[in-house]
Amino acid sequence: MAAVKARKKIHIETWGCQMNVADSERILQLMTDYTRAQSEHDAQLIVLNTCHIREKAKHKVISRLGRLRKLKRVRRDLKIAVVGCVAQAEGKRLQREVPDIDYVLGPAQIEQLPQLVKEQQQGTALGFATKKIATDTEAGPTLTGQFEISRFINIMQGCNNYCTFCVVPFTRGPERSQPRERILAQAQQLVHSGVREITLLGQNVNSYGQDLYPKGNPFVDLLRDVCAIDGLQRLRYTTSNPHDFTPALSALFAQQPKLGRYVHLPVQSGSDRVLQLMKRKVNVARILAIAAALRAHAADFAISTDVIVGFPGETDEDFEQTLALLAELRCSFVFSFKYSPRNNTPARRFRAQIPEAVKKQRLARLQQLQHNITTALNLAEIGQQRQVLVHYRSRKAGHIYYGRTVHFRPVRLVSEHDIVGQMHAVQITDANATALCGKLL
Ligand code: SF4
């Protein structure tokens, strides 16, 4: 009887955004000769899928590589791949500093990983992929998701906007959309396999399709088509840019209940002067007009956002305007960060860099304000009835379940029966700054 050859094992560590989570899932799909390892210790291939948005993330990768080098010294069969945005931006430096890395691939090149591994096994390649971005990638939409019933589809890569603080156009390249038919086929396949919520991903998701379908509003058309899939309960998308947030997109929330009553809309600053320095192409009036249009459809429409504090040149007055904008928008939550200079970006060269202590102080004030707003909004949910899509069961306590309301607020539920994947009417009974508690009705 022929001996069954043991499959090799792959271990993937993912930093950064949902796009990277989706890419990691894609790598698992591509590496058909490999099964998932329990940890780095039983893997023959370790993949670090990296993020270049924040300075600390890059340092984290470099220090992780230092630890993996020690492992590689005692494990001759171990291969290490660095993929994602740090690989794209710092590939040459990484090769110089950490010669033990076997493969370096930018985000648009992950499809090449199986071939590189094969070629290296056959001894026909040195193993380093090109450091240029492949703009003509043939990659299909990638699928992922932390929970079985909720999955992501990458519908586009890259960004054409060149905000002065952002590395994405340098690391992910220009916008490239996936054809509508392929996305729809993937979405149908997912729903058929039991998925109930889909999140469409792109760095600048609401400019989807402008490269492929220059006429009309391709993103709105795509959302309509995905909403029409029978069995899908919720459709989300991220990250949308206020610049490309059209009236048709706002109006769609009123027409398509599956879109829920929530959107993530990064404002970055509440000062027109700073927005201009950032080259965001929108002003505060435009941001408020979008929020007003969304809340004209549903007064309790939930908006979350991103804010950068301490952008070069941000004065006390600019910062006060950001606080004023947040007080007016009353976001359900805010991802807030201190500005940190990134390679290749114009803002890195701006003279008026803000001292670290000032950034820290501003961030603390902003986060305190937002904590109060989020807590107040969550407490106001007590007594409301909400439709909750149940995402998963607690691993520790089998009768505890977690889901999300139509406003994307997390809810903790108790049930004696398996309710994962079900949409339930829930009475909200308690709340704190991070989540709600509810009981099934
Ligand atoms: S729109 Fe978003 S992804 Fe594009 S450059 Fe600006 S911040 Fe970066």
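Only this structure's heavy atoms are used, side chains among them; waters, hydrogens and symmetry mates stay out. We count ligands from 1, going down the list as the structure has it; atoms in each ligand are counted the same way.
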Quiz item: Does Q268 have a heavy atom less than 4.0 Å from any atom of ligand 1?
Solution: no
A student checking ligand 1 against C159 at a 4.0 Å heavy-atom cut-off should list atoms 1 (S), 3 (S), 4 (Fe), 5 (S)
Margin query: So that I can tick it off, tell me whether R295 and D300 are bridged by a salt bridge, with the cut-off set at under 4.0 angstrom between side-chain N and carboxylate O.
Written below: no
Check your understanding: Taking 2.8 Å as the cut-off, does an N/O/S atom of C166 lie below it from atom 8 (Fe) of ligand 1?
Key -> yes
Given the options L249, L223, T238, N217, N206 meets side chain to side chain contact (heavy atoms under 4.5 Å, CB included) only with L249
Ligand 1 atoms nearer than 4.0 angstrom to some heavy atom of Y162 are 5 (S)
Subject >> Close side-chain approach of K279 and F165, heavy atoms under 4.5 Å >> reply: no
Exactly one candidate in V307, V334, T239, N241 meets side chain to side chain contact (heavy atoms under 4.5 Å, CB included) with P266; the answer is T239
Here the atoms of ligand 1 under 4.0 Å from any heavy atom belonging to N241 are 1 (S)
Counting from 1 in the order shown, the ligand 1 atoms closer than 4.0 Å to a non-hydrogen atom of C163 are 1 (S), 5 (S), 6 (Fe), 7 (S)
Numbered in order shown, the ligand 1 atoms found under 4.0 Å of a heavy atom of P169 are 5 (S)
Within 4.0 Å of some non-hydrogen atom of R280, the atoms of ligand 1 are 1 (S), 6 (Fe), 7 (S)
| message | Whether R365 and E320 form a salt bridge (side-chain N of Lys/Arg under 4.0 Å from carboxylate O of Asp/Glu) is what I want to check. | response | yes
*Does the separation of the ring centres of H264 and F335 fall below 6.0 angstrom?*
yes
request  = Decide, yes or no, whether a salt bridge links E40 with K72 under the criterion of side-chain N to carboxylate O below 4.0 Å.
outcome  = no
Under 4.0 Å between heavy atoms, the region of P266 that gets near ligand 1 turns out to be neither
